[in-house]
Amino acid sequence: MTHSKLNTVEAISIILSIFVAHTLVSLPRNLIISTKSATIINLIYVGFIAIVLTILIVKLFKNFSSCDIIDVSEYLGGKVFKQIIGIIFIFYFTFNASILLRNFCEYLKIVYYPMTSIVFILLLFIIAVCVANKGEFETISKVNLIVLPFVLITVLFIFFANTGHLSLENIYPILGDGFFNTFISGLGNLGAFGGIAIIYFLPPYLNNPEKFKKISLVSIGISIIYLILCIATILFMFSSIMQVDEIMPLYSAARYIEFGSFFQRLESIFILIWILEIVCYLSISVRISMTTLKKIANLSTSKPLILNFGLLIFTIALLPKNTSISIFLENTIYKYLVIGIVLILSITILLLANLKKKRLGGTLENEKIL
Amino acid sequence: MDKPANEIVIKGPHEAFVENLRTNTSLIRRIVNNENLVIENIEIGEITKTKCALFYIGNVTNSDLVAEVKYRLNNLSVDSLLSAGQLEQLISDTNYLNVPQIISTERPDKAVAHLLNGRVVVIVNGSPYALIMPGVLKDFLGSPDDKNLKGIFSNFLKGIRLLSAFITLLLPGLYIAITSFHQEILPTELLFSILASRQNVPFPVILEILLLEISFELIREAGLRVPSPIGPTIGIVGALVLGQAAVSAGIVSPILIIVVAITGIASFAIPDFSFGFHLRVSRFIFIFLGWICGFLGIALGFFVYMTLMADTKSFGVPYTIGITPLEKVKGNDYFLPPIWKREFRATFLNPKREKKQKHISMNWKYK
Amino acid sequence: MKKFFKRLLIFVLIIVIIIAFSSSYSALNIDNLATVVALGIDTSDTNTLRLSFQFTLPSSVSDSGSSEQSPSIIYTVDASSISSGINLMNTYIGKELNLSHCKVIAFSEELASRGISNEIYTLINDAQIRPSTNLVITKTTAKLYIENSKPTLENLLPKYYEVFVSSSKSTGFTSNATIGHFFNSMTCNACDSYAILGGISSENSESSTDINSQKDSSGKSNESPLANHSNSENTGLAVFKSDKLVGELNSIETLAFLLTDNKVNGFLVSVPDPEESNRYIDIYLTPITKTSIDVKIVSGTPYISLKYNLSGRIYSMKSNSKYLNPKTIDKISASCSSYLQSTLSSYLYKISKDLKSDINGFGKLAKSNFLTNNDFENYNWSEKFKDSFFDISVNSSVRSGFLLTET
């Protein structure tokens with residue numbers, strides 16, 4: 001199997017990119033809805049849990065160096081089980097990518113292309129993704145590495161350019177909807193860390209696998225800081241975010257930026273950068289799904305699958321009848337998918353596989369999968 | 001021996017290759033002045049049997065690279081080879097973007113500088129150009145003068161060139177995208193001046209911009225073709241007739257002329273002719289994308305452009321190396337470090353001899 | 001053959017995409033847009049709303065060098081809602097209206113006191129309206145206000161609209177009130193919204209000002225002391241309770257508002273001269289630190305303590321004044337502090353007792369006294385605010401004069 005390898009920074013940027021793309025659309029608002037003014041505290045708490053989980057995942061992968069979750073599940077439950085897990089993950093990636101794309105395009109249509117049918121906006125994205133995926137995974141990760149810093153800069157910029165509009169008092173009441181809501185049912189906010197899903201697929205791609213732990217922890221760390229920054233911007237800016245939903249909260253915040261009378265209305269530049277980010281995200285999702293399918297179906301090459309996955313995402317993105325359904329899918333279903341598939345299911349698989357290995361002594365089998 | 005006609009520098013030597021191969025080899029030999037310089041002679045073309053010379057430094061250049069270049073040169077079935085330009089196309093990897101992947105230069109000092117860094121140089125008899133391979137993106141934005149200037153100045157110039165590459169590629173596209181889809185980004189006063197300047201223009205922006213861009217290319221091409229004594233006439237006709245008269249006749253708007261002029265000037269700031277050509281042609285794609293769907297088109301187009309660029313390889317070397325961030329592996333940067341820090345040869349060339357100067361090169365200072 | 005079909009497919013795709021986007025292209029192209037600079041919303045006799053759109057002719061801008069003023073064109077239409085008004089307007093003028101460069105939205109006082117939440121929601125829902133658009137409540141009809149908004153010192157109308165609010169930073173007589181902020185505080189449960197108070201100054205209003213004051217800073221829009229000058233003006237603030245206009249602040253009250261909100265860089269006050277009765281000294285004050293506000297809930301009512309910290313320099317001079325000897329300067333400082341204290345307290349009690357509107361957003365600060373949202377909701381801040389007690393302390397120290405130190 002010949003993979004092009006990723007270096008440490010590229011790997012981090014890939015995990016981040018999966019994560020960042022969701023914050024651009026409606027993730028921040030979604031988090032704020034569930035924990036109100038206590039979101040920042042909740043995120044520190046949830047972020048801590050995410051770090052613990054990541055350490056756990058890394059530990060569990062230690063015995064399976066250079067294996068991704070598909071290999072591990074094959075080790076655990078044989079071919080059929082591997083295929084089931086593979087299909088679940090393919091579904092996870094394509095579904096999330098499609099719904100995110102759908103919502104992003106929906107907003108794009110509202111703001112800039114009022115007369116164009118959403119089909120064509122989607123189509124353009126799909127074409128770009130298909131062309132981009134013709135190259136190696138390395139190519140996408142390189143481009144992603146160029147795009148991602150700009151995206152992070154835009155978010156920083158939105159925060160600092162809006163300092164005049166921020167009212168820090170919005171952090172109060174400090175416990176939001178109460179202790180239970182913040183710390184127990186607020187655990188649902190773990191759904192924000194969808195980027196963890198990529199961690200399961202990363203090991204085979206890595207240039208130097210011994211840095212796996214560092215990569216995972218750094219990327220989760222950065223995403224927590226980034227998320228807190230996003231939430232802070234939105235929570236402090238819109239006193240009414242709990243009552244009134246504005247599309248793409250970060251975009252709405254960007255609309256307030258003003259430097260004198262000349263530098264106003266900069267949000268289309270942000271949109272320009274965010275389009276790049278979304279299309280990077282899509283490419284990564286498609287690529288991961290493609291290689292997974294290749295793996296579970298024992299194909300020799302994954303290149304011809306590009307068009308199929310492109311069309312699949314296109315079709316799923318067109319399924320929701322209206323925005324309310326797609327927003328529901330993005331907000332609620334996404335959260336449960338992340339918690340269900342990424343956190344519970346995968347960690348269970350890893351745990352069981354480790355147990356099995358311990359019982360078998362873990363010498364012969366290990367050689368076999370490698 | 002003559003002065004270089006197309007690659008002019010301020011602080012470098014003013015010496016150029018000539019058509020005679022032997023003169024050129026001696027030029028290089030004189031500068032390198034080392035017994036490890038290897039010159040291999042190859043004949044290409046079944047009829048013409050054109051003599052070509054392949055240069056490399058035996059104890060520096062990666063042998064695989066030399067072998068690959070030799071392999072490509074020896075496996076050409078053509079009747080004739082008349083110029084270095086043809087050879088360049090014959091031996092470079094294909095790519096969708098038509099970016100140049102081999103540096104071609106008329107300056108011996110540039111050729112030798114690359115040679116000493118571990119690249120391979122090929123000179124074709126009858127052609128005053130040396131081909132340097134592999135060429136990556138950052139080479140086409142660099143000028144031989146960069147190393148003669150202090151680091152900070154050459155980095156400033158390099159920054160300007162990177163900017164000019166973006167302007168050449170994107171500015172007309174962004175202009176049309178903004179005027180057609182995103183007028184809210186313009187400050188209100190600017191919007192009104194654009195509106196005012198467009199008031200008597202009968203064409204839509206796309207036609208206007210194509211009209212101007214194409215006439216600009218026409219002037220450039222015509223200026224190249226006319227005999228040099230009447231060269232300035234073209235400039236006068238172009239500037240006066242197209243600039244002034246077109247505006248006063250109300251065919252194009254003055255703001256657009258500014259946009260096209262900036263694009264034109266920026267395209268001249270690209271040191272490499274073929275790379276500048278690539279940008280000039282690609283800008284039409286972005287004009288088209290900006291016209292169809294504004295920033296969405298530009299962003300998606302740019303994404304695809306970047307992936308194609310990142311996917312390109314020249315003799316096995318990733319094309320964007322040094323430009324994509326965080327590939328800071330010894331000597332690969334686009335921006336130059338100060339001269340005492342340039343210890344390493346570019347690692348992507350995988351040279352046999354990694355360092356080109358000692359860790360402390362200025363011995364007189366730190367001894 | 002396969003290659004041919006591939007090319008054909010690409011060609012067809014390009015054509016289809018061009019066609020699909022061409023409708024958006026023609027809807028958004030600058031050639032097809034009519035840029036609205038200001039929007040006025042009035043009540044109407046025949047229909048629910050009367051909308052006035054102000055345009056400016058681009059040609060006037062291009063005349064370089066000539067100081068010709070940009071002519072503004074105003075169209076008025078009666079409609080049942082804002083969107084249908086825009087729609088009607090599109091048909092009248094044959095171009096698509098574009099509101100993304102609209103600088104000012106003016107509501108008439110009449111409409112505002114009736115409640116404007118529907119209009120605000122509609123405007124915020126419009127992707128073209130900027131949240132940074134200024135919101136003006138006019139004492140006259142909005143149409144009249146817009147008609148009289150003529151740039152006197154600039155050529156460009158949009159520039160004029162951009163500049164007039166920025167004066168608030170140094171005068172403190174009006175505030176930069178944007179529709180985005182208005183919307184935010186309208187929907188927020190711990191604060192109330194405000195807008196700029198606009199009006200027209202005309203000759204007959206001059207007489208009315210004589211009655212109510214001898215000081216310059218007590219005026220508000222429509223009561224301007226400027227003579228022979230018919231123009232729109234923006235002085236004071238319009239105070240809202242949720243979406244209804246409940247009162248107005250005059251310039252000095254606006255100043256107090258801005259001072260409490262840390263939105264003023266420096267301002268001029270005339271304080272009674274401690275040495276000589278019936279004389280006033282003009283002092284230019286700048287805030288040294290941000291106003292510190294502390295909100296506590298004492299036995300169920302809000303107890304708000306505010307600390308202002310200012311430094312000043314004396315502007316007005318007369319012969320034979322010894323302003324700068326230590327004793328006098330302390331006296332002037334004390335006089336200044338007490339003047340400000342009374343001004344601020346009258347302002348604070350006006351908004352809490354009379355208007356019952358928390359435009360400074362003390363409610364947000366009060367939130368820190370509550371642990372959960374439910375507690376805060378149950379406390380019902382907007383009802384309790386009227387019982388607030390204010391503890392104001394002003395520390396203003398006069399430093400010096402400007403160039404003259406002693407006369």
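Reckoned from all heavy atoms, side chains included, excluding hydrogens, waters and symmetry mates. Worth saying up front: this structure is predicted, and the values here are computed from it rather than measured. All chains are named by letter (A, B, ...) in the order of the sequence lines, taking the proteins before the strands, and each is independently numbered beginning at 1.
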**Asked** What are the two closest non-hydrogen atoms of A190(C) and K367(C), and how far apart are they?
**Response** CB-CE, 4.0 Å
**Top contributor to chain A interface from S22(C), A127(C), P131(C) [non-hydrogen pairs under 4.5 Å]** = P131(C)
**Message:** Is it true that S185(A) and N181(A) share a donor-acceptor pair across their side chains at a distance under 3.5 Å?
**Reply:** yes
**chain C contact via L124(A) - which portion, at a heavy-atom distance below 4.5 Å** = side chain
**Complete:** So, the part of I257(A) with a heavy atom under 4.5 Å from chain C: the answer is neither
**Prompt:** What residues, two or more places apart in sequence or in another chain, satisfy side-chain contact (heavy atoms from CB on, under 4.5 Å) together with S100(C)?
**Reply:** Q183(B), E184(B), N98(C), Q128(C)
**Message:** Using a 4.5 angstrom heavy-atom cutoff, name the option from S368(C), S132(C), G180(C) with the most pairs to chain A.
**Reply:** S368(C)
**Sidechain N-carboxylate O distance under 4.0 Å for E258(A), R130(C)** = no
**Message:** Looking only at heavy atoms and a cut-off of under 4.5 Å, which of S26(C), A366(C), A20(C) has the most pairs with chain A?
**Reply:** A20(C)
**Item:** chain C contact via I121(A) - which portion, at a heavy-atom distance below 4.5 Å
**Value:** both
**Asked** Under the side-chain contact (heavy atoms from CB on, under 4.5 Å) test, which residues partner K307(C), sequence neighbours left out?
**Response** S292(C), S393(C)
**Item:** CA sep, side-chain torsions, deciding dist, call: Y251(A), F270(A), ring pair (Phe, Tyr, Trp, His ring centres under 6.0 Å)
**Value:** CA-CA 8 Å; Y251(A) 169 79; F270(A) 295 130; 9.1 Å; no
**Item:** Pairs where residues 104-126 of chain A contributes a residue and the test salt bridge (charged side-chain N to carboxylate O under 4.0 Å, His left out) is met, not counting sequence neighbours
**Value:** R102(A)-E106(A)
**Distance-minimising heavy-atom pair for S185(C) and H181(C)** = OG-O, 2.7 Å
**Request:** Output the option from L365(C), L13(C), D375(C) having the highest count of non-hydrogen pairs under 4.5 Å with chain A.
**Result:** L365(C)
**Complete:** So, the part of L371(C) with a heavy atom under 4.5 Å from chain A: the answer is both
**Message:** Checking the side chain of N90(C) only, and the main-chain atoms of L97(C) only, is there a donor and an acceptor separated by less than 3.5 Å?
**Reply:** yes
**Prompt:** In terms of heavy-atom proximity below 4.5 Å to chain A, should I10(C) be classed as side chain, backbone, both, or neither?
**Reply:** neither
**Prompt:** So do I234(A) and I32(A) actually touch side chain to side chain, heavy atoms under 4.5 Å?
**Reply:** yes
**Item:** Proximal to chain A - members of residues 29-39 of chain C, heavy-atom separation under 4.5 Å
**Value:** none
